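Read through the structure below, which is laid out as structure tokens, and then see the notes.
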2 protein chains.
Amino acid sequence: MHEVLKKHICKFTLISDEDFNAMKHYFKIIKVNKKENLLLEGNICKQHFFVSKGCLRKFFINDKGVEQTTEFAIENWWITDNIAFEHGLATSFYIQAVENSEILVLDRNAQEKLLEQFPKMERYFRFIYQRAYAASQMRIKYLYDFTKEEFYEHLCKNHPEFVQRIPQYLIASFLGFSPEYLSEIRKKKRS
Amino acid sequence: MHEVLKKHICKFTLISDEDFNAMKHYFKIIKVNKKENLLLEGNICKQHFFVSKGCLRKFFINDKGVEQTTEFAIENWWITDNIAFEHGLATSFYIQAVENSEILVLDRNAQEKLLEQFPKMERYFRFIYQRAYAASQMRIKYLYDFTKEEFYEHLCKNHPEFVQRIPQYLIASFLGFSPEYLSEIRKKKRS
């Protein structure tokens with residue numbers, strides 16, 4: 001399972017086998033079942049999750065009691081509530097497995113020690129955050145610019161791997177509309 | 001002007017005077033007047049901007065021809081279209097001065113060379129992107145969770161420095177409603 005992470009790190013920075021073996025112990029490997037929670041609203045957020053196999057999602061529960069999904073993470077993605085993780089605060093999010101998944105868990109303290117011991121990993125995480133930030137900036141543009149229907153079209157065109165893999169009711173939760181409404185749009189699209 | 005940047009870097013990583021003097025030449029200092037554009041839609045985005053004094057904003061022009069502001073940057077903030085900057089692509093955004101401003105400009109190639117020559121700066125930029133990403137994740141939550149009125153309330157409470165400093169028509173553009181509507185909300189708030 002560590003091999004998936006090693007490959008991913010090597011895309012951004014050169015790391016020797018010796019160094020990688022030495023940093024392995026900072027990561028805890030866990031297996032989670034579909035619908036199992038990794039983080040609950042109100043928990044202190046102490047962990048950063050790397051998906052080596054499977055899919056996670058992040059959501060919050062809104063005033064109406066509806067789950068609003070804000071993010072998915074598939075293989076090679078990191079996911080956490082970053083503001084709560086950096087400052088060791090209680091989170092307002094949930095993180096849950098969409099599929100049976102294999103996850104590498106990096107504790108907050110472990111991430112700090114890892115970066116101290118292996119400064120090369122600063123470059124890796126710089127890229128991780130840089131790309132995640134860039135993607136979320138575009139996401140914000142789309143939230144202003146697109147109707148919900150256009151956002152769905154965009155998702156189908158640019159991220160078919162998500163639309164095919166993730167259950168429709170979760171795609172609806174990500175887009176911010178009801179599963180019934182998504183079903184209507186899909187029918188319209190096919191006709 | 002470089003001193004503002006040096007102070008900011010030193011919040012995240014130790015850097016000697018000698019090193020800082022050696023890296024200065026990667027940055028170009030410019031002064032821009034209020035309403036002057038630093039980036040135009042369709043331009044290849046090659047520059048990363050650090051605000052040492054003043055305020056910039058990023059916006060796009062929507063289908064209706066309306067300017068939609070997605071981001072402000074005041075002192076100690078970096079701003080660019082990150083996805084276009086990393087990949088050297090044409091941008092769909094504008095970056096414009098909200099006030100007369102003093103800016104440190106880091107070209108794409110210069111940023112790469114700076115990081116190669118001073119790997120310590122990986123840590124600095126890791127923090128810059130990490131915090132910017134964390135803030136934009138919360139922003140996405142608010143875009144789903146808040147009504148426009150609630151978003152305005154949140155802004156007044158949590159970022160009074162923006163609301164007091166930035167012209168109301170730009171606050172309206174950031175919130176995604178008309179200046180007239182913002183004016184109505186403010187009246188209601190006062191009464």
Side-chain angles (χ1 to χ4, degrees), chain A residues 12-13 45 48 58-64 66-71 78-87 89 91-93 111 115-116 119-148 150 173-177, chain B residues 12-13 45 48 58-64 66-71 78-87 89 91-93 111 115-116 119-148 150 173-177:
Chain A
F12 303 100
T13 188
C45 180
H48 204 178
K58 196 165 105 184
F59 65 93
F60 65 92
I61 297 181
N62 68 18
D63 283 351
K64 292 170 193 149
V66 176
E67 290 181 6
Q68 174 62 60
T69 301
T70 59
E71 222 174 311
W78 286 89
I79 192 169
T80 190
D81 173 356
N82 283 282
I83 222 160
F85 177 73
E86 185 184 338
H87 302 286
L89 302 173
T91 181
S92 48
F93 289 97
Q111 181 163 323
L115 288 165
E116 263 172 46
K120 271 191 169 186
M121 289 295 282
E122 291 283 2
R123 181 174 168 83
Y124 173 67
F125 279 106
R126 193 259 298 169
F127 266 110
I128 295 305
Y129 291 120
Q130 179 180 328
R131 296 200 166 175
Y133 176 47
S136 73
Q137 281 187 313
M138 291 315 289
R139 178 87 180 286
I140 287 168
K141 180 175 189 284
Y142 300 148
L143 281 168
Y144 278 112
D145 203 21
F146 287 169
T147 63
K148 290 175 176 183
E150 285 168 344
S173 162
F174 179 69
L175 294 166
F177 43 59
Chain B
F12 303 100
T13 188
C45 180
H48 204 179
K58 195 164 105 185
F59 65 94
F60 65 93
I61 297 181
N62 70 17
D63 284 350
K64 294 171 192 148
V66 176
E67 290 181 5
Q68 174 63 59
T69 301
T70 59
E71 222 174 311
W78 286 90
I79 191 168
T80 189
D81 173 356
N82 283 283
I83 222 159
F85 177 73
E86 184 182 338
H87 302 287
L89 302 173
T91 180
S92 48
F93 289 97
Q111 181 162 324
L115 287 166
E116 262 171 45
K120 271 190 169 185
M121 290 295 283
E122 291 283 1
R123 182 175 168 83
Y124 173 67
F125 279 108
R126 192 259 298 169
F127 266 110
I128 295 305
Y129 290 121
Q130 179 180 326
R131 295 200 167 174
Y133 176 47
S136 73
Q137 281 186 314
M138 290 314 288
R139 178 88 179 285
I140 287 169
K141 180 176 189 282
Y142 301 149
L143 281 168
Y144 278 112
D145 202 20
F146 287 170
T147 63
K148 290 175 176 184
E150 286 168 342
S173 162
F174 179 69
L175 294 166
F177 43 58

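Reminder, nothing fancy here: chain letters follow the sequence lines and each chain counts from 1. Keep in mind that what you see is a predicted model, and the values were worked out from it rather than measured.
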Can you tell me which of A/Ala134, A/Ala135, A/Gly176 forms the most heavy-atom pairs within a distance under 4.5 Å of chain B?
A/Ala134
Nearest-0.5 Å distance, CD1 of residue B/Ile128 to NE2 of residue B/His48:
8.0 Å
With a 4.5 angstrom heavy-atom cut-off, which part of A/Phe93 approaches chain B: side chain, backbone, both or neither?
side chain
A/Phe60 portion near chain B, given a 4.5 angstrom heavy-atom threshold
side chain
Give, as side chain, backbone, both or neither, the part of A/Gln130 having an atom under 4.5 angstrom from any heavy atom of chain B.
both
Not counting sequence neighbours, list each pair that qualifies as a salt bridge (Lys or Arg N to Asp or Glu O under 4.0 Å) and has a residue in residues 126-138 of chain B.
A/Glu86-B/Arg131, A/Glu122-B/Arg126
Quick check on A/Phe85 against chain B: is it the side chain, the backbone, both or neither that has a heavy atom closer than 4.5 Å?
neither
Between A/Arg123 and chain B, with a heavy-atom cut-off of 4.5 Å, which part of the residue counts as in contact: side chain, backbone, both or neither?
both
From B/Asn62 atom CG to A/Lys141 atom NZ, the distance as rounded to the nearest 0.5 Å
9.0 Å
To the nearest 0.5 Å, what is the distance between OG on A/Ser136 and CZ on B/Arg139?
10.0 Å
Not counting sequence neighbours, which residues clear side chain to side chain donor-acceptor pair (under 3.5 Å) with A/Thr91? List them please.
A/Asp81
Which bit of A/Lys120 is near chain B, if near means a heavy-atom gap under 4.5 Å: side chain, backbone, both or neither?
neither
Working to the nearest 0.5 Å, report the span between CD of B/Gln137 and OG1 of A/Thr70.
7.0 Å
Region of A/Leu115 in contact with chain B, defined by heavy-atom distances below 4.5 Å
side chain
